Amino acid sequence: MTDLKFLQFQVTWMQLISPCFWEEVCIILQLGFVGIILLPLVQKIVSKTSRNIAAQASKDYPIVAKVSLSYRASIVCSSLMLCIHVLKLLMLLYSMNDTRCNSKLEAYSSEIVPVISWAVTIIVVSLVPKRKHIRFLWILRTWWAFSFFFSIISTVLDTYLKTEEHGYLKMIDYANFISLLPSFILLIISIRGKTGLIFIDSHNIAEPLLSGKTDKDSNKKRGSPYGKATLFQLITFSWLNQLFSVGIKKTLEEDDIPDVYVKDSAEFSSFAFDQNLKQVREKDGSTNPSIYKAIFLFIRKKAAINAMFAVISAGASYVGPYLIDDFVNFLAEKKTRDIKSGYVLALAFLGAKLVETIAQRQWIFGARQLGLRLRASLISCIYKKGLVLSSPSRQSHTSGEIINYMSVDIQRITDFIWYLNIIWMLPVQISLAIYILHTSLGLGSLAALAATLIVMSCNIPITRIQKRYQSKIMDAKDDRMKATSEVLRSMKTIKLQAWDSQFLHKLESLRKVEYKWLWKSLRLAATSAFIFWGSPTFISVVTFGACMLMGIQLTAGRVLSALATFRMLQDPIFNLPDLLSVIAQAKVSADRVASYLQEEEIQQEAVEHVPRDQTSFDVEVGNGKFSWDPESTNPTLNGVQLRVKRGMKMAICGAVGSGKSSLLSCILGEIEKLSGTVKVSGTKAYVPQSPWILTGNIRENILFGNPYDNNKYDRTVKACALTKDFELFACGDLTEIGERGINMSGGQKQRIQIARAVYQDADIYLLDDPFSAVDAHTGTQLFEDCLMGILKDKTVLYVTHQVEFLPAADIILVMQNGRITQTGTFDELLKQNIGFGNLVGAHKRALESVVTVENSSKTCQDLGSDGESDTDLTSNAQQLQQKHGSDRLHPQEITENGGKLVQDEEREKGSIGKEVYWSYITTVKGGFLIPIILLAQSSFQVLQIASNYWMAWASPPTSETEPTLGMKFVLLVYSLLAVGSSLCVLVRAMLVAVTGLWTAQTLFINMLHSVLRAPMAFFDSTPAGRILNRASTDQSVLDLEMASRLGWCAFSIIQLLGTIAVMSQVAWEVFVIFFPVTAICLWYQQYYIPTARELARLAGIQRAPILHHFAESLAGAAAIRAFDQENRFIKANLGLIDNHSRPWFHNVSAMEWLSFRLNLLSNFVFAFSLVVLVSLPDGIINPSIAGLAVTYGINLNVQQASVIWNICNAENKMISVERILQYSNLASESALEIEECRPHNNWPEVGTICFRNLEIRYAEHLPSVLKNISCTFPGRKKIGVVGRTGSGKSTLIQAIFRIVEPREGSIIIDNVDICKIGLHDLRSRLSIIPQDPTMFEGTIRGNLDPLVQYSDNEVWEALDKCQLGEIVRAKEEKLDATVIENGENWSVGQRQLFCLGRALLKKSSILVLDEATASVDSATDGVIQKIIDQEFKDRTVVTIAHRIHTVIDSDLILVLSDGRVAEFESPAKLLDREDSLFSKLIREYSMRSKTFQQLRKSA
């Protein structure tokens, strides 16, 4: 007899109250529903108005509804329910014996009311198309949900009472069973809520009302199959079939992946989240709304639906353990029981499993989908915040940190969304487990509850410690990523200065800190794994021990039911540590993101915008006080009074660090306003001092989001002197620019961003030192054609250090120490003869040096000849092939790459090679720990099965049977076996943690060494985002997930084999179906893998562009704001998020597609085994062992699915290993040191540089960039290198430092062939001051002397010599004064002086200056030249310069043209020759300064 005491008590209680209790409840509730359904229907008929939104969409057109499967199913199922109740009513009229209720009225009413209810339901559903509802009425959906629960409860009660009285099931009972199917379908429809109807107007244009698709979306080729899926497709995930059919035929490409559903799109999610933030802000009355409240509002609806599915899944999973005792009793009493009741039990097992499968797949998918939406909205939120961060906030969050928020922290927050459902499932699972234990063990269940709570309470201290570790890991990761980002950005400087080893050690030491915390965290996780794997054992020993003490009889059925329940309890207990760990991680990450989102923004009201018709002044600053650091006592700008009339040209000049760039920033609203007013009238365009170029082609950079107008574009290009450049690029203006404009010369980058500003056709132009990076000829052309030509009617404020551009200005501002010290025209300022005179005097002296050389050579010619000034230095149109600053691609290469320098990220195709798995497994000691781990897990499985087998065999089948062994002995043996199995888990968990982290560390170090030793060409063509992605996201997978994922593949296979072994003991017939089903499972896996693998790879690749675009946007945030382009960049970010969401969403959906099918197959294997057990004749099998088989079989579906799921998941995660291995075997530069060819300590002594037939090309298939260069730079002489932009000057410098290796020929320095010595030996003996000054985050001392080779006195001496001593002494920290990321708290000129300081400290025999004084004023330039003359008078100095006066007094001049030596003589000899290229350069420079000379004379 079935022992269901609790249920029996409830039923008896109901019957005592009233024999018709259930009928009365049903009548009352159903009448209530009918009333509520009819009330709005009557209201609508009377008022003839529809409150539905969809009704407004088609007022004037006749609408026809296209019926969907969902709508059809609702009609069919409602009709079927009506028929069933009509049939039950007829049976009731035929025989009153079918009901327990003795009142005819109530008995008939209990069937008449449902008939009316379902009839009304059909009427309401049939009116849906007419009323144009896109969702079913809420009351209808509630009614369907309640009817399902009514059907379940009434069927269970009736069946229970029949079996209790040993009665037979009648027709009316079968009708109840049949009604479960339509009511379950209606439950699903009610949860989904949509009618799925498509309304067609009279013009036959089909449009799903309120589908949310915008016009833009509908124009796209790719649709969203998920958005169009029917109910059946949503349950079975068959909407993915089309994608799988493509994926199996060919390698999936990005265009093959459908769009995400509109509600999953970044735009929709971002908008919804912003609305929630706004709602919280208004409700709290706070400027900084709580991100937690906003997230709650954002997820609550979808999370509630997921929670419902999760609870149904948890509830259904406990039906199996609940019925095991009944099943064992049935097998033991098979002689006296009807076999039909056995089949009913088997059907109940199967039904519960089906409900569990559907609900489980839906909640997991729903959680992933919700995570996707939250991730999109948070990334968008972080991006938008990044565009408006104030300067102090920007300094407190480096780009590396912010990228970590985006890549790691948001991932952790979205992981929590998945675990959120476990919070609802835990109490349900524990309550059901204790209830089942109570029905079989009585008060013994209290012991189980106590043991469960003890185990769970162990989590509290573990979680606290784990949370602390997670916080430390994130801090350490931030520091490492920040340093990595900085190293990648400054890689060229690091290589030129031979600091590779130093920065490698720095990154390794930061990783060591991270490794220490990772190891502590993983060790703790391994300990908690031991506790929780051992928990079922601990709980079962405590429970069975308590039962013995209380004298509760332990029968086989009760023991097996308890063991099955303990195994089910394992799930919540396992999930609890993970849940608490994820909560800890998510809390840390959410706090970090919240703190970032609450950072101070730039003052939106700092600049007042005045309409153009209300003022004649375009810019007005009244008594302005501004500071980059609001807490500082010394403001950056003070007492600023400025009024700029419309159309005025205003020049701003002053010494380095005087506040020129800050003045432009105050007009832009970038610098914090402490007091005063700033008024601007009109649109702005801004050209920053450091060129900001976006990855993309040149045209995109110039258009900058504006429509293409051919005439306007051509005028702009011509005015900015870019026409010739475009002619020389094979792809013209469609040539792709590398990251940060890496394949363009400094002059080209500057002109591109000037063209961007000009094309905007703005009212006000703010140009920050626009002529510093261009040569004399180009500078003149820019000034005349652009500033005084195309912009002649515009208001222009330009900062410049070149005095020759000052006379043309309407007014000149002279800046000193953050104040405007002088204003006036050029003539007026000369007469005042104060600070301005110093600047002009320096320029005059420089000019005189040129004129003196010119006169001494007797080559003074007519300076006004236009023909001469326009003569090009190079006759050959290949001049721009050369690379400036780094490896620029030759046009031929660009042509072959379709105009692209940065190629699409490479991805492996096809299956992940066995060599990737093998590399990972054998990284640590050849994989010797792997067999030990597998042995430990196998031992655990064997001991666990043995302990359960022992309990099942030793326990008596029924309470009447006497036990063969003493229960104390039985429990002792069980305990010993269980403890042994737990120790095996401890060994396995610790070894997995050790091996996993050891492997991750080894692979990281290999990748780090490989990347830092890669040649410069790799960094030029590889966006930093790709490398950072591997160093952060992929490395996190290796650190924390990969080992356990791979381990679980093996562990789940071992578990499955154990389960099959136990089941085959009692029912070998299971193999008849098991093998075919396994074959089908493997076929499904093979069908799934090609699609899923490519989706995972595409998702991985699409992550980097989000980070790269974000890093670029942060760098150019000031320019983006100046051009009012925030919305366009935000939209671009949303597009990139969607590009990542598409493969990611379809990848997680594909996993559910596979899991659903595998679960169904294993459910049928389990059902078949139950049918076999029921059908076998009595006495053939031991009921206890059969029960054990069922106990294990309950989890068969989970185990079989988990094997495939773990294999697939491991393969997806293995992509991270594959990506890291890709960057672990990069082509390397030459050796840093070659022991047998080390130069002596004082090499180079003289500094003679000899080029012999030097030929350089950037790739074998490309033409040479430098051709047959043969010349000698004598030691201890000054050599000037000149030539047009792109003539090969910087390539020559790179060749000296071996940034590019010679293809032919050699470079010999002091009789040593530099190609035969180590790179470190070469580069550490040479000094360079590069064109782009680089500073590292840290201190001044660390920047000047990173290798700590010099004393403080030597450092101070160097600072004094480079004019920075006083500025540094004025700071409190002196040499330890802070340098922030990129050195942005120092002006560009000051950064250039720090680079000079490095060279002064190094005191090399050879110094190279690559446009080193481009960003400093003439006075400072003069000082620097003097210092170089004094400090390096007995050394070789090679100077590349645009300012002719910096090379005019050189001993020799090398003129390059088209990669060849055009001229190489002393300046005097070159000037003797009238047709020499150098003479032409001199004449251009002199002519440019003619106006200045005339004005100077008149003064």
Side-chain angles (χ1 to χ4, degrees), residues 419 422 426 448 450-470 517-543 563 566-585 929-948 974-998 1039-1055 1058 1195 1199 1202 1206:
Y419 279 92
I422 292 166
L426 274 171
T452 304
L453 293 174
I454 288 168
V455 171
M456 287 185 159
S457 64
C458 291
N459 278 292
I460 295 163
I462 288 176
T463 309
R464 276 185 186 159
I465 300 167
Q466 191 67 277
K467 184 180 176 182
R468 188 165 60 86
Y469 288 166
Q470 287 302 327
W517 293 112
L518 280 166
W519 168 234
K520 287 183 176 181
S521 174
L522 287 170
R523 193 172 57 196
L524 191 66
T527 310
S528 61
F530 159 67
I531 294 168
F532 297 108
W533 273 90
S535 60
T537 306
F538 171 70
I539 295 168
S540 55
V541 169
V542 169
T543 307
L563 286 174
F566 296 146
R567 282 167 68 86
M568 298 303 288
L569 259 179
Q570 220 175 351
D571 197 32
I573 292 172
F574 274 178
N575 285 331
L576 189 64
D578 284 348
L579 172 67
L580 294 174
S581 169
V582 166
I583 288 174
Q585 289 180 12
L929 289 171
I930 308 298
I932 303 170
I933 292 170
L934 293 175
L935 180 65
Q937 180 65 21
S938 303
S939 305
F940 161 75
Q941 193 65 30
V942 168
L943 289 170
Q944 197 187 46
I945 290 171
S947 63
N948 292 343
Y974 176 75
S975 302
L976 289 172
L977 289 169
V979 168
S981 71
S982 298
L983 289 173
C984 289
V985 168
L986 180 62
V987 171
R988 187 264 293 167
M990 280 296 180
L991 286 177
V992 167
V994 169
T995 313
L997 191 54
W998 196 349
D1039 287 340
L1040 298 166
E1041 293 182 64
M1042 195 64 244
S1044 58
R1045 296 282 187 206
L1046 213 52
W1048 269 105
C1049 288
F1051 308 155
S1052 55
I1053 289 169
I1054 292 167
Q1055 273 189 312
N1195 285 333
Q1199 286 176 356
S1202 75
N1206 282 318

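Just so you know, these numbers come straight off a predicted model, no measurement behind them.
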task = Please report the closest heavy-atom contact between Ser521 and Gln470, naming both atoms and the distance.
result = OG-NE2, 3.5 Å
query = With sequence neighbours left out, what residues match Trp517 under ring-ring contact (aromatic ring centres under 6.0 Å, His included)?
reply = Tyr469
query = Under the side-chain contact (heavy atoms from CB on, under 4.5 Å) criterion, do Phe940 and Leu986 qualify, and how do the steps go?
reply = CA-CA 10 Å; Phe940 161 75; Leu986 180 62; over 6 Å; no
query = Which residues satisfy the side-chain hydrogen bond (donor to acceptor under 3.5 Å, both in side chains) test with Ser1052, sequence neighbours excluded?
reply = Asn1206
ask   = What pairs with Leu929 under side-chain contact (heavy atoms from CB on, under 4.5 Å), at least two apart in sequence or on another chain?
value = Ile932, Leu991, Thr995
inquiry  = Ignoring hydrogens, what is the shortest heavy-atom contact between Gly1058 and Ile945? Give both atom names and the distance.
reply    = CA-CD1, 3.6 Å
request  = Measure the spacing between CG of Leu997 and CG of Leu518 and express it to the nearest 0.5 Å.
outcome  = 5.5 Å
inquiry  = Once side-chain contact (heavy atoms from CB on, under 4.5 Å) is applied, do any residues pair with Leu1046, and if so which ones, sequence neighbours excluded?
reply    = Tyr917, Tyr920, Ile921, Met1042, Ala1210, Met1214
inquiry  = Could you report the tightest heavy-atom contact between Val992 and Ala1043, atom names first, then the distance?
reply    = O-CB, 3.9 Å
Closest non-hydrogen atom pair between Ala1050 and Leu934, with its separation = CB-CD2, 3.4 Å
ask   = Say you draw a straight line from CG of Leu935 to SG of Cys984; how long is it, rounded to the nearest 0.5 Å?
value = 8.0 Å
note = Residues Val985 and Phe530: closest non-hydrogen pair is CG1-CA, 4.0 Å
remark   = Across all chains, not counting sequence neighbours, the side-chain contact (heavy atoms from CB on, under 4.5 Å) partners of Ala451 are Phe538, Ile539, Val542
key: side-chain contact (heavy atoms from CB on, under 4.5 Å) involving Leu983 - partner list, sequence neighbours excluded   = Val979
message = So which atom in Ile1054 and which in Ser938 form the shortest heavy-atom distance, rounded to 0.1 Å?
response = CD1-OG, 3.6 Å
remark   = Residues at least two apart in sequence or cross-chain that pass side-chain hydrogen bond (donor to acceptor under 3.5 Å, both in side chains) with Gln937, listed by chain then number, are Arg988
Atom pair CG/CH2 of Leu524 and Trp519 - distance to nearest 0.5 Å = 11.0 Å
ask   = Partners of Thr543 by side-chain hydrogen bond (donor to acceptor under 3.5 Å, both in side chains), sequence neighbours excluded?
value = none
ask   = Among all residues two or more places apart in sequence or in another chain, which pass the side-chain hydrogen bond (donor to acceptor under 3.5 Å, both in side chains) test with Gln941?
value = none
query = Taking only residues at least two apart or on different chains, which pairs with a member in residues 978-987 satisfy salt bridge (charged side-chain N to carboxylate O under 4.0 Å, His left out)?
reply = none
ask   = To the nearest 0.5 Å, what is the distance between CZ (Arg1045) and CG (Leu1040)?
value = 11.0 Å
